[in-house]
Amino acid sequence: MSVFELQNVKYCYQTQYQRVEAVRGISCSFDPGKVYAIMGASGSGKTTLLSLMAGLDIPTEGKVLCEGVSTDQMHLEQYRREKVAVIYQDFRLFPLLTVAENIMYPMELKGVKTKEAKERAMGLLSRVGLPESAKDRFPAMLSGGEQQRVAIARALGMETKVLLADEPTGNLDEENSEKIFEILRHLAHEDGYLIVIVTHDESIGARADVCYRMRDGRFL
Amino acid sequence: MKLFVRGGIRSNLRARGRSILFFILILLLTTATILALGVRLYCDHVLRQCDEQYQSIAVVEYMGAEYPNPDVADTFARAAAEQITAESIEKVAGVKSVTMASEALGYLEGYHRLSVATAYESRGVIEVGGWSDPQYHKVWVEDEGAEETNAGHYEEDQSEVFYYFGRVSKLYYGSAVRPDVLLNILPGTSGFIPEKGKTYMLHGVFIDKNQIEGLENGIFNFQVLAFDEAEGESETKPYQEVTPGDPLPERFAKEVIRYQIINNYVTLHYAQDIRDTYEFQQGILYLDEGEMPAAGDEGACIVSADIASQLSVKPGDEISLQSLISSEEDRFDLQPAEEKTSLKVAGVAHAINTYPGTVWVIGTPVKAPFFGYQIATISLENAKAVAAVDLLQERMPENVRVQLLDQGYQDAAAPFASMKETATNILMVCIFGSLTVLFLFGFLFVSRQKDTVKTMICLGTEKKQIVVWLLAGALMISGSASILGAVLGQMGLPRVFAALEQMWSKNDEILTIYSETVLGISKEAVLDTAFHTGAVWMAALFMILASLVLCLVFMPGAFRDGTFDRGKSHVRIPSGKTSVSGRGSLRFAMLSIRRGGLRSLVVPVVSLVLTIAVIVLGGIFGGWQRELDRAMTDTKLDGMVVSTNGRYYSGLVVQIDAVRDLLAIEDVEDVYVSKTYPYWFEDSIPHFGEGSFAQESRMDWILKQPELVSVNALAGSKEFYYSEPTVTWLDGWDESCLAKKDGQTYLDALMYPQESEYIVPAIVSTDLLKARDLALGDTFSIWWLENRMTEGFESVVQLRVVGAYQKVGTKEQIYVPLYFTTPWGSIYENDPAEHPMPEWWYAASDAERLDYYYYRQQTFSTCRFTLKSAARLDEMRLYLQDKGFSRVGRLSQNRTTIVLRDAAFLKLTETLKKYIATGRVVLVMISVVIVLIGFIISWLMIHARKREFALMRGFGAKMGRIFFSFFLEQMMLMLPGVLLGCAAMLFLRQGLRMQMIAVLGYVGFYLLGCAASILMTGRTKLMELLAVRE
C-alpha cells in the first residue's frame, strides 16, 4: 500500500501583484522502502511539492494523502510531528543548541524523557556516522556534511518512516553527498523508510529507485 | 513545556553578545528607573509632609495712603474692592477658599471693652440731684490804690454760670464715676439750669479731674453735651427733669444702648478656616483652650481671652452675637443688626493685647460698608500658591497687592519640588529609553527568530510551544536584568536619600534673604525621612511586563512567513546608469550611495531632521542664556524698609545711619526717603478754646490732617509705592526739584533770614488746587507741625505750586523737597563718626550744632532704594546681612527691616536657570542619542553589507582604505542633510554661536558613531565575515 498518494495536486503562490502556479496537477504515489527522486530545474516547483508533502501547507486544489488520509483533514502540526520528517539543504539546525540537543528536540517534543532521548540521540549519531565527541558541539562548529548528518539524525529521531529531503546535498561536496545519499538509501532499503529527495543532482536521480522529473509544475 | 522553557533560555544564554548587551542595557535602565522613581517618591513623601505642616494664605490689600489703618473709609480702596469678587478669585487654580473683607464689628452682651480707646469712651448718661448754688468763673481783681504790686482778690463773674455741684443718684452709662459721687456739672452752652430739690437726667461727657482750668476741687467734671446729630432728634435737649424710680426716658435710653454697644464692640474675623486667618496662620495667636474648629464648620468660633474671661465662656458654650453695621462714612457710627447669631465656642485664644475683644467666626461676613485696606484673605494650596498669587496679582486692579504668606513652605519644599521635577524628567527619559530598548529587544529576541521558528514549525512544534520557547528566552534576560537592577537600585536608594537630606539641611538661604518672596513667619518643618522603598519594585515589574508585552507584540512577526518561503529573495536593480566617475574610495562610496536607492535617503533625512532639531534646541538654549545674562545686568530692582512683619512700609522709624549704610552700597543707584508732617490751612482749623483739654482736642485734630511730605522723589512717598504718580508740571519744573542738593532748610531759613522770602516748591493734588482756587505757579501758606527734639513746633511756610498730581488716597498730601527738612549733606556726606562731639562742640557755630544735633539724628518714615543691576544681588544680600539689617520676622542688631522687591526677578532667573540646567541635560542626552543614532544607522548599513566588507578584505584591501570608503560614504550621505538643516539657521538668526556648536557637535558625534561601527565590523574575523549569508 502506498504511504503517499498525490491526487491532481495544484498549488498557487498568490501575492499582491501576481499569481504563480507552482504545481499544476500532479498525481502519483509513493511506497515505503524506496528512494524517490524529484528532479527539475530551478523554479520547476519541486520544493513546493515537497513542502506540500511535508505539511507546511495544503494544496490549492487536489489532495495529498498520507496513509489514505488527506492532509487537509489532518492537524498539520501533528502531521509534521508524527508522520513526516524533513531535511533541508541549509540543514535548519538550532544554531544555539548542541548537536545532541538538536537531535533530542523532536524526541522531547513527543514526550520522551531527557535521559532516554539522550541515549537515543547517541545511537542516532553513530547511525549517521558521527563520532560521539560531536554531541556537545554547536552546528556552526561542524562541516556542511556533518550538519546534514545531524539533520538526518534529528529526522530519524522523529520515528516517522517518511523522510523528505530538500536538496540534501546541495551544499555538500561530492564525497559528503555520496555519504549522505548512502545513509538515505540504507534507511529506505534496510529500514523501510520512504525517502523522497528533491534534487537537481543527476547522479542522485540516476541512483534513486524512482525518479520523477518536473517542469513548470508538472511531471514529465 | 519544560523543554521549551529550557530551550528558549539555553538559546539566549548561548547567544552571549546580544544577550549580554541587552542584559546590561535593561539592568542599567532598571537601576536608573528605580533611582529616579525612588527619588520622585521620596520627594513626594517629603512634599506631602511639608504640605501637612504648612499653610499658605494670600492677603489682598489696597495699598492706600493710610494703609494699613483698618478704620479708614477710602473711596479708592472701596472702588478697588468692588472690582474684586470671591467668584473671580475662586476660579484661579490653587485657591481653596476666599473670605472677602473679613473684618466686621459686633456686640456681645455683657462684654466690656477695656484698655482700648473707644469712640465714646468718656460719654455718660446720669441721673443727678442734690444741687448746689451756681458756681461762677472767678476773675482776679487788683485792689484799687494798693501800694503793693500784685495786690488784689478774686471776684465772681456772674455773667455766666461755670458749674453746679451735683450728686450722681444713678449711673446709666459712664465708666468714669460711680453712683453717689459728687460731680462738677458744666452746663456750657446747653442752657441747663437745675432747680434745687429736683432730679435731672443728663447726657454729656466726663472730663478728667483737674483738666479744666480754674477747677481745682479735685472731683470729676461732667459737661452737658447735645446729642449727636440724628435725623429729627437734634431738637431733643440733653437734660430732662425726672422722678427717681421712673423709667429712663426713651431718647436717653437709646443713647445708653448705643454707647454700650459701640464702646463695647467686638471685632469679628470671618473665615472658612480660622487657621487661615492672618494672626493664626502667622503664629501671632494660638489656642489656650479648646480646639480649632474644622474648616467650613459653620457657626463655630474662637474667642479672645478677654471675652472668655469676662463672659465666663468655655469651649463648648454658646454665645449670642449681634452684628453692628457701620455707616458709610464712619466705621464706629454703628447700628445693630436686628438678628442675633448663636455661635458655638470651639476654642479660646491666648491672652494678647493686640487682639482684644475679637471673635473668629467660620461663616460668611455680613454685608457692611468696606473700611480699611484689607480686601480679602485667600486660602491656598501650598504647591500652587506661588503660581496662584502671580496670576491673581496680574488680575488685580491698580494699587492692589496680593501678598503670599506661606510660613516658609517654598523654602522648605522648593528643593524637593525641583528634585521631583528632575527625577520625573529622568524617569520619563528612562521609561522612554526602556521602551526603546525593550522594543529592540522584542524585535531581536522574538521577531528576528524566524529561522528558529521555521525549524520548529517544520518539526511540528505547536505554536504555543514556540511562544513559550521565545518568551522564556526573552523573559529570562529581561526578568533577571530587571530584578538585579531593582536590587541594585534598592541598595543605592538609601545613599541617594542621605544625599538629598544633606542637600536639604544645607539649603542655602542666600538666594532668598531679604527677598519679598519670604515674607511672614518661617517655620521649620519636622520631616520624617523614613521612607519605605517597596514601591520602587514597580519599576522592575514594569520592565518585565513591558518586555513581555513587546515580545508578544513582535510574536506575529516571528511567525510571519514561517511556514513557507513564499517567493524568492527580492533583488532590486537600480534604475539609470550604474557607474559613476571618480577614483578609489570616492568612487566606491558614490557607487554605494547610488546602489542604496531609498535606503541611501535614510541618513540625509535623519541628518536633516536632527540638524534642524539641534539648531532649534541650540537657539532655544542660547536664547535662555542670553535672557538670563540680560536679566542679571539690565534688571533694576528696588528695595524698601518695611515693618518687622514685612507688610507695612510707612510710619516707620528709619535711622539716618541705616540710610547711609544703604548709600554705601556700590550697586545702589538711588535712595528715596521721606518725612511726613501734618499740615492745615489757617482758615480750616476749628476754634478749640483754651485749657489743656481743648489743646488736647486740637492736637488730635491736627494729627488727623493730611501730610506735608518732605521727599527726594515722589516714588519715595508711600502713596506711590504701588502706583506711578501722574503730575502736571509748571513750565521749567520737574521732579528733580525734590532732590535738589543745595536747597535751604526751613531751620536755616529761620536762623539766617534772607532778604528774599523763603518759598518752598510744592506738588499739590489737583483736588486741593480746585478747592483752594489755586493754579500752577501760585503761592500759598500752610501751617505744619514739626516734632523737633521731642517737642512740637507749629510753623507757617509759604509754598509755591510747581506740580499738580492726581490724588490716589483719602488725604490731600503736599510734596515738598527733601531739603526742606533735611540737608543733603547730612545724609550723603560727612560721616558724623569722624567728628566726635567733645572736640569741636565749644568752638562750633549754631549751624554746626544744629547739623550735629538735629540733622544727623533725624529719622525718616519711609525709605526706598533702587539697584543699578541685579548682577551682584547675592553680594548685596550678604552686605545687608553683614551690616546687621533685619529680615522680615527676624530681628538683627540693626532693627531696620529690609525687603528687596525681587519676586519677579527671582521667578524669571530661577525659571531660566532651571531651563538652562534642563537644557544641559537634554543636550547631553541628545549628544548620546546622536552618537547612538549615528552608530545604529551606520552599523545597520554596514552590517547589511558585511559580505561586501569581507570581500574587500578578501581581495587584500587595507583596513584604512575600507574604513575610508565606508566613512566617506556616510559623510557624503550625512552632509546634504546637515547643509539643508543649516539653511534653517537663516530663519533662526539668534544664537548662531550656540547653533554652530550644536551642528558641529551633531556632525562630530554622528561621524564618531560611524567610525565606531566601521571599526567594530572591521574587528570581526574574516572567516566569520565570509560565512555570512547575504
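Chain letters run A, B, ... following the sequence lines, proteins first, then strands; residues in each count from 1. Keep in mind that the numbers below use all heavy atoms, side chains included, and drop hydrogens, waters and symmetry copies.
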Check your understanding: What's the verdict on salt bridge (Lys or Arg N to Asp or Glu O under 4.0 Å) for Glu101(A) and Arg6(B), showing C-alpha distance, side-chain angles and the deciding distance?
Key -> CA-CA 11 Å; Glu101(A) 286 165 353; Arg6(B) 190 182 64 210; over 6 Å; no
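- In this structure the side chain of Leu56(A) never reaches within 4.5 angstrom of the side chain of Lys454(B), judged on heavy atoms.
- With hydrogens and angles ignored, the 3.5 Å screen pairs no side-chain donor or acceptor of Arg80(A) with any backbone N or O of Thr461(B).
- Contact count against chain A (heavy-atom pairs under 4.5 Å) is highest for Met456(B) among Gln465(B), Lys463(B), Met456(B).
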Practice item. For side chain to side chain contact (heavy atoms under 4.5 Å, CB included), just list the numbers for Leu459(B) and Arg92(A), CA-CA rounded to whole Å, side-chain angles, deciding distance to a tenth of an Å, and then say yes or no. Key: CA-CA 10 Å; Leu459(B) 293 171; Arg92(A) 295 212 179 156; over 6 Å; no
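- More than 12 heavy atoms of other residues, nucleotides or ligands shown are found within 6.0 angstrom of CZ on Phe138(A).
- Between Gln78(A) and Glu462(B), the closest side-chain pair of non-hydrogen atoms is not below 4.5 Å.
- The parts of Tyr105(A) that come within reach of chain B are both its backbone and its side chain, each placing non-hydrogen atoms under 4.5 angstrom from that chain.
- If you measure heavy-atom distances from Thr98(A) to chain B, the contacts under 4.5 Å come from both the backbone and the side chain.
- Around NZ of Lys161(A), the count of heavy atoms belonging to other residues, nucleotides or ligands within 6.0 Å exceeds 12.
- Summarising the geometry, atom CD1 belonging to Ile457(B) is positioned 11.5 Å from atom CG belonging to Leu76(A); distances are rounded to the nearest 0.5 Å.
- With a threshold of 4.5 angstrom between heavy atoms, Leu3(B) approaches chain A through side-chain atoms but not through N, CA, C or O.
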